[in-house]
Chemist: 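Pasting in a structure now, in structure tokens, and then I'll have a few things to ask.
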Amino acid sequence: MTTSSVTASLPERIAQLRASARDDLMAALHQTAPDPQALVDELGRLLGMPVMRMHDLEAWSPLFDVLPFADAARHRCALLQDSAQRRHLVITDPFDTDLLAWGLTRFGPLTPVLSSAETLDAWLQHAEAGMTALGNMTLATAESVDGAARGAESLSLQDIGAEESPAVRFVNSTLYDALKIGASDIHLESDPAGLAVKFRIDGVLTAVRRIDSPELAAQAISRIKVMAQLDIAERRVPQDGRLQIGYKGRAIDVRVSVMPSIHGEDAVLRILDREHLAQSLAGLTLAKLGFDEPSRNALHALCRKPHGMLLVTGPTGSGKTTTLYAAISETHQSRDKIITIEDPVEYQLPGVLQIPVNERKGLTFARGLRSILRHDPDKILVGEIRDAETAQIAVQSALTGHLVFTTVHANTVFDVVGRFDQFGIDAYTFASAINGVLAQRLLRRVCPHCAVASGEAVQGFQALQARGCEQCRGTGYSGRFALGELLLMTPSLKALVARRAPQAEIQAEAERGGWRSLRDQALGAVALGMTTLDEVERVAA
């Protein structure tokens, strides 16, 4: 039977069956068919419709660019194309003439085929796992943005496809894809032609999509401002806010920063998946982060000191807080009272009092740290030293019998001395308080599926080069690991810092004590096949 004859006669034949004896037919089939699949097979035989099993559906190509996934799930059908480029509409109810008419009207000539509901549902779930909303959702023409603030958005392909507003659908699709891929940040950058979307994946910005519609671009930024409860009418000053979304049954916080630009407004959304972070923390160790055994042993020793300060330094997003949490978790004992003050509290540690900074209510790092000292702690974690007052209290805490863990922004372990000098801490006091400084970076791990030899040798080993494949989304890298140059403050180093010795003299003494620079360690990782020379130049030049 040809495609044209099936499409021309089948609706009429089904309509006659439906009008005359549908109930009788189904009752008779239920009596003779032992299971649902047998019922579908018999129904297909009587109606002259091909019946599709799972392997049949997987052999054809889905046309989600023509029939979006959300519409397919809502109508419980699918549009597929066989090897001969013929289109087929997969349905589960052959008596639904409205669905058949809708398919023929919308997609033109096609062949209806039959599948059990269980088979089609399973195939749709499998298809959803391998797709992204931005890659398979089509955007309609721009419309006005819903001005009413809504609660936590529920992110799923079905919900996204059911949304009528293109701006809302675009924002939700972007959030969905970022969560699915594992991006830490979303950048929406306005330009004269529209809006560019970039994800920060493994610490590197990657362009994923753009929309060439200035109107829709402005509406998308407005939608984000509505969700974050910002002033939608204010476009001349920066605004910061937060929103919450629901994804796979869990609530995810998103910090929003909106900045005016010459082409409109840009937005950056930082994703804080606390439940995922908590699950990650459950098995978090310094070894899993990438630290070698000597570094792990030295950090453990620093975490067991009775007093003093352990500083972790590095740029934003280099994993400083994660390293401190891993070190504390591995050395935590029930007899110790540990209190943290953070902005925000990224991980939840059992048995640890964790205080979130709330500057709007007057709870700053400095004020919170003063209160913590009255709470009789043994160990204190200060999320970040940002000002002179916090630095002064942290140093005094380390000198008065507390073990203080904290982070500060500096490029190297030796720059930390100058940073605290800027905070007004004299060199002798700082040298007396500090036990060790760790300068940390995160390097991308080269993808094991597509890495090739670069032709260059490092420490006697062949260096690898990133190429890119489907497994790593074409980046050539998959995941990250930590490297850190750890400076243990020996009495001789403390004496040099206290008398403000030149950095070259301090570094020479550190090297005599076994200190290794970040670059040396990064090159060692290249020799072990963990990363590439390009990544070393990017992170530890």
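Note that the structure is predicted; figures quoted are calculated from it, not measured. These values consider heavy atoms only, across backbone and side chains, with no hydrogens, waters or symmetry-generated copies.
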Chemist: Is the shortest heavy-atom distance from the side chain of Phe199 to the side chain of Thr174 under 4.5 Å?
Modeler: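 Touching, per the 4.5 Å side-chain cut-off.
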Chemist: If we count only N and O atoms by modelled type, under 3.5 Å, do the side chains of Thr323 and Gln440 hold a donor and an acceptor together?
Modeler: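 Distance-only check passes for Thr323 and Gln440.
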Chemist: Return yes if a side-chain donor-acceptor contact under 3.5 Å exists between Glu189 and His263, otherwise no.
Modeler: no
Chemist: Between Ser454 and Ala463, is there a donor-acceptor pair closer than 3.5 Å when you use the side chain of the first and the backbone of the second?
Modeler: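 Yes.
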Chemist: I want to check something: taking the side chain as every heavy atom from C-beta on, are Arg538 and Arg441 in contact at a cut-off of under 4.5 Å?
Modeler: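 Answer no - side chains too far apart.
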Chemist: With side chains defined as the heavy atoms from C-beta onward, is the minimum distance between Leu442 and Val539 less than 4.5 Å?
Modeler: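 Not in contact.
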Chemist: What do the steps show when you test Asp202 against Thr475 for side chain to side chain contact (heavy atoms under 4.5 Å, CB included), and what is the final call?
Modeler: CA-CA 10 Å; Asp202 291 337; Thr475 64; 5.8 Å; no
Chemist: In plain terms, say whether Arg296 and Glu330 are close enough for a salt bridge, that is, a side-chain N and a carboxylate O under 4.0 Å apart.
Modeler: no
Chemist: Test of understanding: with salt bridge (Lys or Arg N to Asp or Glu O under 4.0 Å), list the residues that count as partners of Glu58, not counting sequence neighbours.
Modeler: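 Applying salt bridge (Lys or Arg N to Asp or Glu O under 4.0 Å) to Glu58 gives none.
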Chemist: Heavy-atom count check: over 12 atoms from other residues, nucleotides or ligands less than 6.0 Å from Arg386 CZ?
Modeler: yes
Chemist: For His88 and Trp60, take the angle between the two ring planes, folded into 0 to 90°, and tell me which bin it lands in: parallel under 30, tilted 30 to 60, perpendicular over 60.
Modeler: parallel
Chemist: Nearest 0.5 Å, what's the CG-CG distance between Leu518 and Leu486?
Modeler: 10.5 Å
Chemist: Could you please spell out the steps behind the side chain to side chain contact (heavy atoms under 4.5 Å, CB included) verdict for Leu67 and Cys77?
Modeler: CA-CA 9 Å; Leu67 174 60; Cys77 65; 4.0 Å; yes
Chemist: Any side-chain to backbone donor/acceptor pair from Gln229 onto Gly241? Under 3.5 Å, distance only.
Modeler: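 No.
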Chemist: Could you measure the distance from the CD1 atom of Ile245 to the CG atom of Leu175? Nearest 0.5 Å is fine.
Modeler: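 If I round to the nearest 0.5 Å, the distance is 4.5 Å.
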Chemist: For Asp121, is there an ion pair with Arg76 - N to carboxylate O distance below 4.0 angstrom?
Modeler: yes
Chemist: Please confirm whether the backbone N or O of Tyr477 pairs with a side-chain atom of Glu535, one donor and one acceptor, at under 3.5 Å?
Modeler: no
Chemist: Apply salt bridge (charged side-chain N to carboxylate O under 4.0 Å, His left out) to Arg210 and Asp191, showing your working.
Modeler: CA-CA 10 Å; Arg210 65 168 294 109; Asp191 56 44; 3.0 Å; yes
Chemist: Checking Arg236 side chain against Pro260 main chain: does a donor-acceptor pair fall under 3.5 Å?
Modeler: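 No, the answer is negative, given that no donor and acceptor are paired below the 3.5 Å cut-off.
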Chemist: Examine distances only and state if a side-chain atom of Thr407 and a backbone atom of Gly383 form a donor-acceptor pair shorter than 3.5 Å.
Modeler: yes
Chemist: I'd like to know whether Lys320 forms a side chain to side chain contact (heavy atoms under 4.5 Å, CB included) with His409, so could you lay out the CA-CA distance, the side-chain angles of the two residues, the decisive distance to 0.1 Å, and finally the verdict.
Modeler: CA-CA 10 Å; Lys320 300 185 295 294; His409 286 290; 3.8 Å; yes
Chemist: So, do Val256 and Ile224 sit near enough that their side-chain heavy atoms are less than 4.5 Å apart?
Modeler: yes
Chemist: For Ala439, is there any backbone N or O sitting under 3.5 Å from a side-chain donor or acceptor partner on Thr313?
Modeler: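 No; judged by distance alone, with no hydrogens or angles, the pair does not exist.
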Chemist: Working note: Asp177 + Val208, criterion side chain to side chain contact (heavy atoms under 4.5 Å, CB included); need CA distance, chi angles, decisive distance, verdict.
Modeler: CA-CA 10 Å; Asp177 282 353; Val208 295; over 6 Å; no
Chemist: Return yes if a side-chain donor-acceptor contact under 3.5 Å exists between Gln219 and Glu215, otherwise no.
Modeler: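 No.
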Chemist: Do other residues, nucleotides or ligands put more than 12 heavy atoms under 6.0 Å from Arg419 CZ?
Modeler: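 For Arg419, atom CZ is crowded (more than 12 foreign heavy atoms under 6.0 Å).
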Chemist: If you measure from OG on Ser318 to CG on Leu483, what distance do you get to the nearest 0.5 Å?
Modeler: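 If we round to the nearest 0.5 Å, Ser318:OG and Leu483:CG are 11.5 Å apart.
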Chemist: Just by distance, do the side chain of Gln462 and the backbone of Glu456 share a donor-acceptor pair under 3.5 Å?
Modeler: yes
Chemist: Hey, is the main chain of Ala540 close enough, under 3.5 Å, to the side chain of Arg519 for a donor-acceptor pair?
Modeler: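 Yes, Arg519 side chain to Ala540 backbone: donor-acceptor pair under 3.5 Å.
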Chemist: Got a second to check how far Glu485's CD is from Ser295's OG, nearest 0.5 Å?
Modeler: 10.5 Å
Chemist: Does Arg255 use its side chain to pair, donor to acceptor, with the backbone of Arg270 at less than 3.5 Å?
Modeler: no
Chemist: Using 0.5 Å steps for rounding, measure from the CD1 atom of Ile355 to the CZ atom of Phe365.
Modeler: 11.0 Å
Chemist: In Å, rounded to the nearest 0.5 Å, how long is the span from CG of Leu188 to CG of Leu269?
Modeler: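 Result: 6.0 Å between the selected atoms.
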Chemist: Where the side chain of Asp266 meets the backbone of Ser190, is there a donor-acceptor pair that is under 3.5 Å apart?
Modeler: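 Flag set: sc Asp266 to bb Ser190 pair under 3.5 Å.
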